[in-house]
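To start, the structure itself, in structure tokens.
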Amino acid sequence: MVRAASAIFGDYNEANIMSATATAGSKRPSGPWRTVWPPHPLGATRFRWPGRRAVLVVIVIAGVGLGSPGVSGVRAAGANDAVRAQAAEAAAIKAQASKLALQYRGNPRGLREAGHAALVAGRNDATVAAFLKLKSAVRLTAALERNGAILDRVPDQQLVPAVAGLQYFASQIHHGLLHAGSGRLITVSLQAQELIAYDGGRVIVDALVTTGRPALPTDVGPMQVLKKDAPWTMKSPWPKGSAEWYPDTPVQMVVWFTKNGEGLHDASWQPDSTLGPGSQNGPYASHGCIHVPLAAVRILFNWASIGTPVVVYPGDGSPVADQLAQQSVDALGNPTSGVRGD
């Protein structure tokens, strides 16, 4: 049904061919789909200078380089760049901590809740980054978890640095995710039942959706746009009489992202008001596809070029390793879970 894909996420940094041809509509905070701008960067954690052992290693390496002015100069420049980057990070974290101290003065419970929210958001974005194999997120994710590990252990008076760290590193993971490769990306959170499409750091679609039912869940992992059809008639891959059989079902447009029958498409039989969290367990749950409001899928159909990454992830805020363990596609984005349908 769908053309074979090339190897994908090793090629994520390659530019996509098609340029954007559609823009989103007005912002609708409470509707099933809406267009929003990305949030401003958040803030972050305590900065530590390298220990004495690290300093000793630097001194020894510098000594070995004596007599090689060119090599020593390069090393010195690199070290200076690293120190400047660390100093800038420390300054950003300190500034965020100052803001938090004022904002949550006398409200440690609210501050701790803000920290948990940053940890959940950071883990979810880090999971998408890990699926895309973005190396830049590895250090940031480790720093996020270090701050998260102490969030519920520190007394109220020490909360500010931990929460500042969580917010800062979560924001940096998010920023890196939005600007990797061509900057085009479609993400789908199963927990939130939400699709977000990014283009160069700008959100062009933010839509509530419905994914696959428990017996036929939408595949998890890094995939990509393989083909687009408009219009299309969905035909059941299961025989009549089967519990999963359905009659031929026309849709206006579909953006395929797996070879086993999963795509983003409109669903005229499902009211928009039923989209969103929990709908994957309800009467309109799909056979593996993702139901998207028609207005949103029109934008995606015109905007998403072949090869645009599509990442479906649990989105439950659990540690990255736990979310990655739910992957059901191979290294090329091919599902290992069997056939799917409308």
Side-chain angles (χ1 to χ4, degrees), residues 2-3 5 8 12 15-39 125 128 132 174 177-190 192-212 218 222-234 249-258 262-277 279 284 286 288-313 315 342:
V2 181
R3 291 199 301 265
I8 47 180
Y12 177 57
N16 288 311
I17 298 173
M18 184 184 296
S19 60
T21 58
T23 57
S26 59
K27 181 177 178 181
R28 293 170 54 188
S30 59
W33 82 278
R34 60 262 184 213
T35 302
V36 299
W37 291 98
D125 277 342
V128 176
L132 294 174
H174 187 72
L177 184 64
L178 300 192
H179 293 86
S182 69
R184 287 193 174 193
L185 173 64
I186 298 171
T187 66
V188 178
S189 166
L190 296 181
Q193 289 291 286
E194 181 179 24
L195 178 151
I196 302 179
Y198 302 98
D199 191 345
R202 182 172 61 97
V203 175
I204 65 165
V205 171
D206 185 352
L208 295 179
V209 300
T210 294
T211 59
T218 302
M223 293 161 272
Q224 67 169 331
V225 173
L226 300 176
K227 181 184 177 183
K228 299 183 287 185
D229 285 298
W232 184 260
T233 298
M234 295 286 182
T249 306
V251 298
Q252 292 197 35
M253 51 192 64
V254 55
V255 178
W256 303 102
F257 58 88
T258 75
E262 291 167 295
L264 307 163
H265 64 78
D266 57 287
S268 60
W269 59 94
Q270 178 176 3
D272 284 352
S273 61
T274 64
L275 298 164
S279 62
Y284 296 105
S286 79
C289 284
I290 299 176
H291 296 172
V292 184
L294 180 58
V297 80
R298 280 176 176 155
I299 294 173
L300 295 172
F301 190 90
N302 290 321
W303 166 81
S305 55
I306 305 304
T308 297
V310 177
V311 178
V312 179
Y313 65 106
D342 161 59

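Keep in mind that this is a model prediction, so the values were computed, not measured.
- Residues Gln252 and Trp232 have side chains not in contact (no heavy-atom distance under 4.5 Å, counting atoms from C-beta outward).
- With a 4.5 Å cut-off on side-chain heavy atoms, Val209 and His291 do not count as touching.
- A distance-only check finds no donor-acceptor pair linking the side chain of Lys228 to the backbone of Ile306 [under 3.5 Å].
- Annotation: side chain of Leu185 is not in contact with side chain of Thr308 (no heavy-atom distance under 4.5 Å).
- One distance of note links CD1 of Ile196 with OG1 of Thr187; it measures 5.0 Å at 0.5 Å rounding.
- Although no hydrogens or angles enter the test, the distance criterion places a donor-acceptor pair under 3.5 Å between the side chain of Arg184 and the main chain of Trp303.
- Nearest heavy-atom pair across Pro250 and Trp269 is O-CZ3, 4.2 Å.
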> Can you check side-chain contact (heavy atoms from CB on, under 4.5 Å) on Met223 and Val312, steps first, answer last?
Replying inline: CA-CA 8 Å; Met223 293 161 272; Val312 179; 3.8 Å; yes
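- Looking only at side-chain heavy atoms (C-beta outward), Leu264 and Leu195 come within less than 4.5 Å of each other.
- Shortest non-hydrogen contact noted between Ser189 and Gly315 is OG-CA, 3.8 Å.
- With Lys227 contributing its side chain and Trp256 its backbone, the two residues share no donor-acceptor pair below 3.5 Å.
- Between the side chain of Thr249 and the main chain of Met234, no donor-acceptor pair closer than 3.5 Å is present.
- Shortest non-hydrogen contact noted between Pro277 and Leu208 is CD-CD2, 4.4 Å.
- Judged as a side-chain hydrogen bond (donor to acceptor under 3.5 Å, both in side chains), and not counting sequence neighbours, the contacts of Thr274 are Gln270.
- No side-chain donor from either of Thr210 and Gln193 sits under 3.5 Å from a side-chain acceptor of the other.
- Here the straight-line distance linking atom OG of Ser268 with atom CG of Leu294 works out to 9.0 Å at 0.5 Å rounding.
- With values rounded to the nearest 0.5 angstrom, Leu132 atom CG is found 6.5 Å from Leu177 atom CG.
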> Stepwise, does the side-chain contact (heavy atoms from CB on, under 4.5 Å) test hold for Tyr313 with Val188?
Replying inline: CA-CA 6 Å; Tyr313 65 106; Val188 178; 5.8 Å; no
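- No donor-acceptor pair under 3.5 Å is formed between the side chain of Asp206 and the backbone N or O of Ala197.
- Between His265 and the choices Ile290, Val251, Leu300, Val255, the side-chain contact (heavy atoms from CB on, under 4.5 Å) rule is met once, by Val251.
- A 4.5 Å side-chain heavy-atom check between Asp229 and Met253 finds every atom pair outside the cut-off.
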>> As a quick check of understanding, evaluate side-chain contact (heavy atoms from CB on, under 4.5 Å) for Val203 and Tyr198, giving each step before the final call.
In response: CA-CA 5 Å; Val203 175; Tyr198 302 98; 3.5 Å; yes
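- Contact annotation: the side chain of Pro293 approaches that of Leu275 to within less than 4.5 Å [non-hydrogen atoms, C-beta and beyond].
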